[in-house]
2 protein chains.
Amino acid sequence: MDQVDEILSQWHRERPDLDVGPMGLLGRLARLYSHLTRAVEKTLADYGLNAASFDVLATLRRSGAPYALSPSALMATAMVTSGTMTNRIDQLEKTGLIKRQANPDDGRSTLIALTQQGHALVEAAVSAHVANQHRLTECLSAAEKQQLNALLATFLARFES
Amino acid sequence: MDQVDEILSQWHRERPDLDVGPMGLLGRLARLYSHLTRAVEKTLADYGLNAASFDVLATLRRSGAPYALSPSALMATAMVTSGTMTNRIDQLEKTGLIKRQANPDDGRSTLIALTQQGHALVEAAVSAHVANQHRLTECLSAAEKQQLNALLATFLARFES
DNA sequence: GGGTAATATCTTGACGTCAAGATAATTGCT
DNA sequence: AGCAATTATCTTGACGTCAAGATATTACCC
């Protein structure tokens with residue numbers, strides 16, 4: 001009987017006509033997301049980053065040399081609007097972790113590239129981040145992690161595919 | 001090979017020293033949350049609400065008559081700070097869906113109560129919201145829903161208990 | 001080639017959230 | 001009773017996000 005069960009129990013008392021099964025599932029997912037986000041940001045804060053800025057640096061890093069992508073490509077993987085990405089890029093450029101370069105092939109576009117400083121920072125941050133992710137999920141057995149991951153993949157396919 | 005797998009594959013190529021298993025799980029959870037939040041807000045928008053304002057109205061509604069709770073109680077279930085809850089209450093009070101009442105037992109506190117208008121709105125909105133939640137989860141079988149819910153409950157217990 | 005449509009990014013204004021501190025009332029200890 | 005600590009809420013300033021529109025460049029087609 002956790003906090004989500006308590007919510008479902010209240011709805012059952014007040015609105016017995018509602019089938020709140022899915023609400024339990026989605027409620028747990030939302031609360032879990034909230035806890036996880038806070039925990040992740042706590043670790044990234046040690047590197048002067050938040051989830052948003054880390055996401056940009058990490059996307060550039062894992063894209064491989066020369067560690068440069070267009071704002072559009074960054075928007076797509078981050079699932080944010082153009083205005084949001086412009087703001088993220090502005091902030092990271094101010095702190096010298098990335099730089100805007102002209103795109104020689106398309107005058108409408110620019111290329112966002114990791115600076116030496118940005119590369120070094122994300123290299124350290126991603127190691128700490130991955131270690132933190134292990135710590136956060138170690139409450140689940142290997143089988144549970146595998147099972148949960150598979151179910152999330154099935155669910156996610158509803159929205160991406 | 002979905003979009004999350006693509007990310008893991010990139011990391012494997014660039015940083016083979018990292019064990020990115022947990023990153024896949026947490027990444028899917030985050031992307032799923034993003035899709036679900038957007039879908040939920042779309043439905044609530046038909047009632048002039050967003051997830052934040054609906055959350056307050058729904059918490060009051062399911063608490064039962066007289067549909068009144070303190071800001072602190074609302075903060076606890078919503079997992080937000082006092083400043084956030086003050087702002088939510090301000091907005092809902094402006095639109096006449098809730099009203100602040102003095103708490104006769106504690107002069108520091110107030111009671112947030114549903115107005116007649118707020119009660120009527122949340123009554124309709126929660127029906128649509130629950131129907132939408134069914135629609136969003138119908139890609140999963142009953143067994144998958146049950147299994148996923150159980151795993152999320154186990155995971156969530158790491159943070160709440 | 002010239003003009004319309006499509007694409008890529010940036011700008012603006014509004015909103016929700018948080019951290020830190022301010023204000024006010026209550027509780028507990030002596 | 002009186003005073004310090006605690007509790008409950010509100011205030012302030014900053015940040016990240018979005019929707020809608022603006023600007024500039026490229027692509028397409030007649």
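Throughout, protein chains are lettered first and strands after them, A, B, ... in sequence-line order, and every chain is numbered starting at 1. Computed over heavy atoms, backbone and side chain alike; hydrogens, waters and symmetry mates excluded.
Atom P of nucleotide dT12(C) and atom CG of Asp90(A) are separated by 12 Å, given to the nearest angstrom. Regarding Ile112(A), its CD1 atom lies at a distance of 12 Å from the C1' atom of dC10(C), rounded to whole Å. Atom C1' of nucleotide dA14(D) and atom CD of Glu41(A) are separated by 15 Å, given to the nearest angstrom.
Residue pairs satisfying the side chain to side chain donor-acceptor pair (under 3.5 Å) criterion with at least one member in residues 146-155 of chain A, sequence neighbours excluded, are listed as follows: Asn149(A)-Arg28(B). Residue pairs that meet the ring-ring contact (aromatic ring centres under 6.0 Å, His included) test with at least one member in residues 75-110 of chain A, sequence neighbours left out, do not exist here. Residue pairs meeting the ring-ring contact (aromatic ring centres under 6.0 Å, His included) criterion with at least one member in residues 46-70 of chain A, sequence neighbours excluded: Phe54(A)-His129(A), Tyr67(A)-His119(A).
Remark: Glu160(B) engages Arg31(A) in a salt bridge (Lys or Arg N to Asp or Glu O under 4.0 Å) (not counting sequence neighbours). For His35(A), the ring-ring contact (aromatic ring centres under 6.0 Å, His included) partners two or more places apart in sequence, or in a different chain, are Phe159(B).
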Can you give one letter per nucleotide of nucleotides 16-26 of chain C, 5' to 3': B if a protein heavy atom sits under 4.0 Å from the base, S if only from the sugar-phosphate, - if neither?
-> SBBS-----BS
